[in-house]
Amino acid sequence: MAQPQDISTTVLGADEIILNMGPQHPATHGVLRVKLKLDGEKVIGSECIIGYLHRGVEKIGENRSYPQFAPYVDRTDYVAAVSNGLGYCEAVERLLGVEAPPRARWVRTILTELQRIASHLLWLGTHALDIGAITPVFYTFREREEILKIFEKYCGARLTTHAFRIGGLQYETYDGFEEDVKKFCRDFEEKVDEYGELLTENRIWVERTRNVGILTAQDAIDLGVTGPVLRGSGVRWDIRKAFPYAAYAQFEFDIPIGERGDTYDRYLVRMEEMRQARRIILQAVDSIPEGPILARVGKVIKPPPGEVYHSIEAPKGELGYYIVSDGTIQPYRLRIRPPSFINLEAFDKMVRGHLVADVVAIIGTLDIVLGEVDR
Amino acid sequence: MTDEQKKEEQKPASPEAAKPAAVAAKPPAKPAGPAPEPLDNEQVRRLRARFAATIGEATLDRKQAIVVVARERLRDICQYLRDEEKFDFLTDLTAVDWYDRSPRFHVVLNLYSFARNERLRLKVPVADSCPSVSGLWSTANWLERECFDMFGIVFEGHPSLKRILLPDEWKGHPLRKDYDILKQDTDWVRENLGIESGQ
């Protein structure tokens with residue numbers, strides 16, 4: 001639609017205007033405020049103002065014991081709590097030098113991939129809604145509900161699940177867990193195609209997303225973006241392959257990438273990721289090993305002094321935990337590397353030269369969660 | 001510097017040395033757990049050959065490579081690592097407050113190389129300012145702003161160093177160790193939120 005053109009001159013000699021968008025705006029997915037510098041309807045500059053949801057999560061981490069802090073991480077990226085928990089628990093396990101038992105790793109993989117599908121479904125529904133396609137959101141929430149039901153049956157919570165514990169799992173899978181997961185996967189295959197039928201070749205959708213918010217591979221690396229945004233720009237990189245964690249090394253799956261790095265490519269990448277996640281779940285659910293679900297970590301978790309950086313491929317990108325231990329029961333320093341925060345930094349680069357209407361498409365395609373941006 | 005290095009080396013050793021006596025009483029002896037060890041590989045040697053004394057201690061902690069570098073040549077070292085050693089991706093930039101040490105802070109850069117599929121962590125001891133690497137990696141722009149916001153470390157050469165998560169007028173840097181968890185800028189809260197306390 002809007003081709004980036006020379007933006008150095010102001011058409012018709014009109015004055016530039018500053019438009020304020022948010023922090024309360026339905027299309028900013030939370031409390032994001034964007035200041036746009038406009039020439040007519042064209043964006044010639046932007047500034048993101050963030051921090052409205054800052055709760056000092058890292059400071060809280062330094063003042064809680066390791067297990068006490070685990071529920072807090074669910075509240076950073078609150079639409080993918082299971083993934084946050086996996087990253088944190090594995091980081092502390094690495095700091096301790098223990099590994100979760102195989103059964104725990106398999107169940108973790110299944111739940112995390114279900115969470116990836118749930119997160120992408122939420123993204124797809126709201127992203128389409130922002131652009132003007134109202135139908136998909138009803139379908140995607142229907143399927144997301146099925147995943148949340150599995151979470152609820154497993155650990156009693158739907159959103160801020162706190163599903164994992166340091167060293168493995170607290171809960172054994174419930175009776176019928178495998179059947180529920182298989183049933184979801186069986187039904188889900190044609191559901192993804194159904195969303196695709198609504199959007200992939202929909203002329204309005206293609207017009208609104210093709211060539212919008214282009215990010216070249218070089219820019220993507222320079223800007224440090226990760227996850228589907230990086231892959232949409234054609235960089236085949238996924239932490240599940242680069243540094244396998246949980247049980248990912250055991251399963252076969254592909255890493256989809258885009259060609260042009262535009263909003264449409266990122267849409268295709270996330271759609272394919274949902275299919276691949278289903279593939280991983282099906283392989284995992286058929287091969288859950290028997291055995292204990294919790295490694296021996298002791299009642300008091302007191303990692304030896306030292307530090308660790310551990311990251312996982314969360315639905316939004318690379319979610320990393322950098323923990324420095326001084327040998328006490330509390331972390332000396334706990335840093336969360338937030339994918340949404342760093343991906344949002346690319347917003348300015350992507351939005352320049354586009355129309356105001358495309359701004360919501362670009363915010364949507366970055367798939368940010370303000371709880372994680374602001375922490 | 002040398003004193004500090006010694007302290008770092010001794011630190012992990014001492015609790016383990018103390019452990020066997022305590023553990024001996026209880027039969028299920030726990031493994032001592034991972035500890036940092038010195039690192040000396042090709043890459044570190046190349047760095048040392050090129051940047052001599054500005055490269056400090058190199059360690060391997062939990063199988064992760066960590067190199068301490070001096071702030072004076074940080075930008076040159078980063079440029080070399082980015083262009084010649086192919087560490088083209090800045091994963092994260094943050095800081096740690098060692099309030100009883102001198103210099104007080106460690107700025108921590110987490111680098112990643114797509115070509116080698118390797119990570120490298122640089123630690124830069126700084127007192128209150130550090131050269132900015134935002135000219136090398138655009139991603140450092142916001143990360144350095146966050147670091148400034150939370151720790152008050154000034155990044156020299158940063159294009160627009162201002163607060164990012166906290167309000168611009170906020171006083172204090174919350175992730176410093178001498179900033180209590182219940183502390184806040186009460187004046188700001190009273191003025192802008194019209195309440196006595198945010199607690």
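To find a chain, count down the sequence lines: A is the first, B the second, and so on, and within it residues start at 1. Only heavy atoms go into these numbers, but all of them, side chains included; no hydrogens, no water, no symmetry mates. None of these values were measured; they are calculated from a predicted model.
Between chain B and the options A:I342, A:V308, A:L53, heavy-atom pairs under 4.5 Å are most frequent for A:V308. For the options A:R335, A:H54, A:R375, A:E318, heavy-atom pairs under 4.5 Å to chain B are most numerous at A:R335. No other option in B:T91, B:I66, B:V108 has as many heavy-atom pairs under 4.5 Å with chain A as B:T91. Comparing A:I60, A:L95, A:V373 by heavy-atom pairs within less than 4.5 Å of chain B, the highest count is held by A:L95. Taking chain B as the reference chain and counting heavy-atom pairs below 4.5 Å, the highest number among A:E307, A:K349, A:E58, A:R337 is found for A:E307. Of all the listed residues (A:R333, A:E345, A:R94), the one sharing the greatest number of non-hydrogen pairs under 4.5 Å with chain B is A:E345.
With a 4.5 Å cut-off on non-hydrogen atoms, A:I49 does not touch chain B at all. For a residue to count as touching a neighbouring chain, one of its non-hydrogen atoms must lie under 4.5 Å from one of that chain's; by this rule B:L175 touches chain A with backbone and side chain alike. Heavy-atom distances place the backbone of B:L136, and not its side chain, under 4.5 Å from chain A. Interface remark: B:F114 contributes side-chain atoms only to the contact with chain A (heavy atom separation under 4.5 Å). Of the two parts of B:R121, only the side chain, counted from C-beta on, holds a non-hydrogen atom closer than 4.5 Å to a non-hydrogen atom of chain A. At a 4.5 Å heavy-atom cutoff, B:T59 makes no contact with chain A through either its backbone or its side chain. Proximity to chain A (any heavy atom under 4.5 Å) is shown, for B:D149, by neither the backbone nor the side chain. For A:L334, no part lies under 4.5 angstrom from a heavy atom of chain B. With a threshold of 4.5 angstrom between heavy atoms, A:V225 approaches chain B through N, CA, C or O but not through any side-chain atom. Residue A:Y322 touches chain B through its side chain alone, counting heavy-atom pairs closer than 4.5 Å. Using a 4.5 Å cut-off between heavy atoms, B:N110 touches chain A through its side chain atoms alone.
Under a cut-off of 6.0 angstrom, the local environment of NZ in A:K37 is sparse, with at most 12 non-hydrogen atoms contributed by other residues, nucleotides or ligands. More than 12 heavy-atom neighbours from other residues, nucleotides or ligands sit within 6.0 angstrom of CD on A:E47.
In this structure, A:F69 has its ring center at least 6.0 angstrom away from the ring center of A:Y66.
Applying the salt bridge (Lys or Arg N to Asp or Glu O under 4.0 Å) test between A:E313 and each of A:R231, A:R240, A:K241 identifies A:R231 as the sole match.
In this model, a donor atom of one side chain and an acceptor atom of the other lie less than 3.5 Å apart for A:T365 and A:R266.
Side chains of A:L32 and A:L344 form a contact here, defined as non-hydrogen atoms less than 4.5 Å apart. Contact of the B:E85 side chain with the B:Y80 side chain is registered, since non-hydrogen atoms from C-beta on lie closer than 4.5 Å. Taking the side chain as every heavy atom from C-beta outward, B:P174 and B:L166 approach each other to under 4.5 Å.
Between A:K316 and A:D77 there is a salt bridge, since a side-chain N of the basic residue sits under 4.0 Å from a carboxylate O of the acidic one.
A donor-acceptor pair is defined here as one N or O able to donate and one able to accept, closer than 3.5 Å; no such pair exists between the side chain of B:R104 and the backbone of B:W98. Checked by atom type and distance alone, the side chain of B:R163 never pairs as donor or acceptor with a backbone atom of B:E169 at under 3.5 Å.
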